[in-house]
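Chain A is the first sequence line, chain B the second, and so forth, proteins listed ahead of strands; every chain is numbered from 1. Worth knowing before you read on, the calculation uses all heavy atoms, side chains too, and leaves out hydrogens, waters and symmetry mates.
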Amino acid sequence: MNRDDFMGDPVDVAPWLLNKVLERAGRAGRIVEVEAYKGAVDPASHAYRGQTARTAVMFGPPAHLYVYFTYGMHWCANVVCGPEGQAAAVLIRALAPLRGLEEMRRARPAARRDRDLCNGPAKLCQALGITGADNGTYLLSGLAGAAGSAGAAGSAGAPGAAGSAGAPGSAAVRLLDDGTPPPGRPAQGGRIGIRVATEEPWRFWVAGEECVSR
DNA sequence: CTTTGGATCGTCT
DNA sequence: GACGATCCAAAGG
């Protein structure tokens, strides 16, 4: 897994991200649901009406984390993809918890069952402790063959402020490939929670997975 | 199980 | 000044 894997169209990158692992501070989960947002040509994308302070990271280099705040109380996380200058991203909608379950339960007392820990875009950020401070984080730091971070300008806090890259248990948000391939035939359908372009089938999930959002 | 309404504030018009 | 790429508790079947 390297930076070039994130250069493509978000509709291609999104299903490829399924079964990868998102990790932070010892808490980790397998990505089981994603949505593609196509930037300038997608009315549902935050980047549709051009670059703003909030969306700056989306316009930067790929394989970085775009974190936004919504509904006055929730954080959501995206993986930036496509070439620099084109604002494309993949929203991470659900994880199947893998490690650090005790920490996640502590961070999300409202979750009654373990499958409720990360089965929504804001839930998984709460479970992993992802906030605006993580906006702009390079997701491949510390991986073999990965070069350094380029950082990015942002607005929601301190972009790329995460600590020493690559150290096990570091506070940095990272994307890992544990060898599990993406599903050969992922389930696909319309995106959730938007008012426009709802018919575009750009939501992908692992068929039969119990940790997919409601 | 499903449906409904309230919470809450950064961002852009 | 309006509105979210949402979540949760409560209420009804």
Task: Protein-nucleotide distance (Leu124(A), atom CG; dT6(C), atom P), rounded to Å - done: 12 Å
Open item on the list: Under 4.0 Å, heavy atoms only, any strand: does Ala44(A) hit a base, just the sugar-phosphate, or nothing?
Closed with: base
Open item on the list: Minimum heavy-atom separation for Pro186(A) and Pro15(A), please, with both atom names.
Closed with: CG-CB, 4.1 Å
Task: Contact residues, residues 205-214 of chain A to DNA chain C [heavy atom, < 4.0 Å] - done: none
TODO: Give the rounded distance in Å between these two atoms: CZ of Arg191(A) and P of dT6(C).
DONE: 11 Å
Open item on the list: Does dA5(C) have OP1 or OP2 under 4.0 Å away from a side-chain N or O of Arg195(A)?
Closed with: no
- [ ] Output the single nucleotide from dT11(B), dT6(C), dA5(C) whose closest atom is nearest the side chain of Thr52(A).
- [x] dT11(B)
Task: Protein-nucleotide distance (Asn135(A), atom CG; dT11(B), atom P), rounded to Å - done: 10 Å
Open item on the list: My understanding is that only one of Val90(A), Val57(A), Leu65(A) makes a side chain to side chain contact (heavy atoms under 4.5 Å, CB included) with Val80(A); could you say which?
Closed with: Val57(A)
Task: Atom-to-atom span, OH of Tyr68(A) to C1' of dC9(B) - whole angstrom - done: 15 Å
TODO: Measure centre to centre between the rings of Trp16(A) and Phe204(A), then say whether the value is under 6.0 Å.
DONE: no
Task: Spacing between Glu33(A) atom CD and dA5(C) atom P, to the nearest angstrom - done: 16 Å
Open item on the list: Counting Watson-Crick and G-U wobble pairs with both distances under 3.5 Å, what is the dot-bracket string for DNA chain C, 5' to 3', using [ ] for crossing pairs and | for pairs to another strand?
Closed with: ||||.|||||||.
Open item on the list: For a quick test of reading the model, state the closest non-hydrogen atom pair linking Val21(A) to Ala28(A) and the distance between them.
Closed with: CG1-CB, 4.0 Å
Task: Side chain proximity check, Asn119(A) to Leu124(A), heavy atoms < 4.5 angstrom - done: no
Open item on the list: What's the closest nucleotide to the side chain of Phe69(A) if the choices are dT6(C), dC12(B), dC9(B)?
Closed with: dC9(B)
Open item on the list: In this structure, how many angstroms lie between the P atom of dC12(B) and the CZ atom of Arg49(A), rounded?
Closed with: 12 Å
Open item on the list: Looking at Lys20(A) and Asp178(A), is any side-chain nitrogen of the basic one under 4.0 Å from a carboxylate oxygen of the acidic one?
Closed with: no
- [ ] Given salt bridge (Lys or Arg N to Asp or Glu O under 4.0 Å), test Asp134(A) with Arg24(A) step by step and report yes or no.
- [x] CA-CA 10 Å; Asp134(A) 299 297; Arg24(A) 177 206 167 89; 2.7 Å; yes
- [ ] Under 4.0 Å between any heavy atoms, over every strand shown, what does Ile194(A) touch: base, sugar-phosphate, or nothing? Just pick one.
- [x] sugar-phosphate
Under 3.5 Å, which protein N or O atoms sit close to an N or O of nucleotides 8-11 of chain C? Give each pair with its distance.
unit_1	atom_1	unit_2	atom_2	d
dC8(C)	OP1	Arg108(A)	NH1	2.8
dC8(C)	OP1	Arg108(A)	NH2	3.1

Task: Length of the CG-P vector between Asn119(A) and dC7(C), whole Å - done: 8 Å
Task: dC7(C) phosphate, OP1 or OP2, under 4.0 Å from His74(A) side-chain N/O - done: no
Open item on the list: Whether Arg191(A) and Glu35(A) form a salt bridge (side-chain N of Lys/Arg under 4.0 Å from carboxylate O of Asp/Glu) is what I want to check.
Closed with: no
Task: Tyr37(A) and His46(A), any side-chain heavy atoms less than 4.5 Å apart - done: no
Open item on the list: Tell me the closest heavy-atom pair linking Thr131(A) and Val67(A), and the distance in Å.
Closed with: O-CG1, 3.6 Å
Open item on the list: Distance check needed: dG4(C) P versus Tyr71(A) OH, whole Å only.
Closed with: 7 Å
- [ ] State, to 0.1 Å, how close Leu95(A) and Pro97(A) come at their nearest heavy-atom pair, and which atoms those are.
- [x] O-CD, 3.6 Å
TODO: Identify whether the distance between the nearest side-chain nitrogen and carboxylate oxygen of Lys38(A) and Asp9(A) falls below 4.0 Å.
DONE: yes
